[in-house]
Amino acid sequence: VERGDLATLLVTHRLKYEQKLSILSGVANALQFIHNKNVFHRDIKASNILVTQQYQAKVIDFGLSTEMNLDISHEKKEKQQKRNSNFFGKTKRKKSIFSSVNPISDVPLLMDNMTTIIGTPSHMAPEVIKGTSYGKAIDIYSFGILMFETMTENSDIYSNSTLTSVFERVKSGERPKISKDYLNNPLYDNYIHLMKKCWQQKQHQRPTANFLYRTLSTMLNKVRKDNE
């Protein structure tokens, strides 16, 4: 895809607010699509988002994705990706099992069931870290972290932190610190409010992907209208 992955784009380019909303709206649309089919991704992060020339998003790397109570077969994954080419890019080869070195932001930890740790540590929901049962809401939590990455244009969310430290902080309810530059910027008021909803500690308190897409689309349309 023309502009490459979002993690790289955030480092090499200064994105406008409208462009950020366009990308996030596309990711929410993809999540809405798969969640409505009772599938969740389990590794939403900036490096798994490809960005087109028009700042539209394609979600990639479904190596950890699963259906509710049923892993997706290889054959079904291939068929699903062909049908959904408007939303998703090609699946990348999965990286090796996580080791305890930094940075932790972009290294997936691989396990093979829905009550153990799986995904990328910096983007893991509390219920995943605790090893309790989880569902689609883990993607919403990761989306909240993705919003933080996109807002700050920085994917190294917990720099110089150990795996244990990050897990303990997330389990205790701590989230990435939002600087005053964004808190005091009226442009980001609704953005930050939505982001905080996504990374709520309890699964049932997080919004659905449908809600995310509707809300972000409304925000994007307003910005575009204001910029006319």
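- Taking the charged nitrogens against the carboxylate oxygens, K171 and E168 do have a contact shorter than 4.0 Å, which makes a salt bridge.
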Notebook entry, point to check: So I60 and I49, side-chain contact (heavy atoms from CB on, under 4.5 Å) or not? Walk me through it.
Noted result: CA-CA 6 Å; I60 63 171; I49 310 299; over 6 Å; no
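- Across A209 and I140, no two heavy atoms sit closer than the pair N-CD1, 3.7 Å.
- Using a 4.5 Å heavy-atom threshold, the side chains of R224 and S22 count as touching.
- Without hydrogens or angle criteria, N221 side chain to S217 main chain gives a donor-acceptor distance under 3.5 Å.
- Checking N154 against E149 by side-chain atom types alone, no donor-acceptor pair falls below 3.5 Å.
- The CG atom of N184 sits 9.5 Å away from the CG atom of D189 when rounded to the nearest 0.5 Å.
- Residues M151 and I178 come closest through the heavy atom pair CE-CG2, 4.0 Å.
- Residues I145 and S122 approach most closely at CG2-O, 3.9 Å, considering heavy atoms.
- With hydrogens and angles ignored, the 3.5 Å screen pairs a side-chain donor or acceptor of K136 with a backbone N or O of H35.
- Residues Y213 and L146 are members of separate hydrophobic clusters, defined by side-chain heavy-atom contacts under 4.5 angstrom among Ile, Leu, Val, Met, Phe, Trp and Tyr.
- Side-chain N or O atoms of T132 include one that pairs as donor or acceptor with a backbone N or O of E127 at under 3.5 Å.
- Between S159 and D156, the closest heavy-atom pair is CB-OD2, 3.3 Å.
- Between E153 and K20 there is a salt bridge, since at least one side-chain N of the basic residue sits less than 4.0 Å from a carboxylate O of the acidic one.
- Taking both residues in full, the closest heavy atoms of F143 and A28 are given as CE1-N, 3.9 Å, listed atom of the first, atom of the second, then distance.
- Take N210 and apply the side chain to side chain contact (heavy atoms under 4.5 Å, CB included) test, not counting sequence neighbours, and it matches Q32, N36, T208, R214.
- With hydrogens and angles ignored, the 3.5 Å screen pairs a side-chain donor or acceptor of S142 with a backbone N or O of I138.
- Residues satisfying the side chain to side chain contact (heavy atoms under 4.5 Å, CB included) test with R169, not counting sequence neighbours, are Y158, S161, S165, E174.
- Side-chain contact between M147 and I192: absent, with no pair of heavy atoms (C-beta onward) separated by less than 4.5 Å.
- A distance-only check finds no donor-acceptor pair linking the side chain of R3 to the backbone of V51 [under 3.5 Å].
- F167 and P121 make their closest contact through CE1-CB, 3.9 Å (heavy atoms, listed as atom of the first residue, atom of the second, distance).
- Judged by distance alone, the side chains of K45 and T120 do bring a donor and an acceptor atom under 3.5 Å apart.
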- Message: Under the criterion ring-ring contact (aromatic ring centres under 6.0 Å, His included), I'd like the reasoning laid out for Y188 against Y17: C-alpha separation, chi angles, the key distance, then a yes or no.
- Response: CA-CA 9 Å; Y188 280 94; Y17 183 62; 5.0 Å; yes
Problem - Criterion side-chain contact (heavy atoms from CB on, under 4.5 Å) on I23 and L15, from CA distance to verdict - result: CA-CA 10 Å; I23 294 167; L15 296 180; 4.0 Å; yes
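- Within the model, atoms OG1 of T215 and CG of L220 stand 12.5 Å from one another, a figure rounded to the nearest 0.5 Å.
- Rounding to the nearest 0.5 angstrom, the gap separating the OH atom in Y191 from the CG atom in L216 is 8.0 Å.
- A distance of 9.0 Å separates NE2 of H123 from CG of N48, quoted to the nearest 0.5 Å.
- The backbone N or O of D43 lies less than 3.5 Å from a partner atom in the side chain of H41, making a donor-acceptor pair.
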- Message: Between Q201 and R175, does the side chain to side chain donor-acceptor pair (under 3.5 Å) criterion hold? Intermediate values first, please.
- Response: CA-CA 10 Å; Q201 193 77 353; R175 299 293 180 265; 2.4 Å; yes
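- Contact of the L187 side chain with the Y182 side chain is not registered, since no non-hydrogen atoms from C-beta on lie closer than 4.5 Å.
- Under 3.5 Å, the side chains of D5 and S47 contain no donor-acceptor pair of N or O atoms.
- How far CG of L24 is from CD of Q19: 12.0 Å, rounded to the nearest 0.5 Å.
- With a 4.5 Å cut-off on side-chain heavy atoms, L212 and L194 count as touching.
- Judged by the 6.0 Å distance and 45° axis criteria, R206 is not positioned over the aromatic ring of Y141.
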| request: Report the C-alpha distance between N185 and K180 in whole Å, list the side-chain angles of each, state the deciding distance to 0.1 Å, and finish with yes or no for side chain to side chain donor-acceptor pair (under 3.5 Å). | output: CA-CA 8 Å; N185 186 344; K180 291 182 179 179; over 6 Å; no
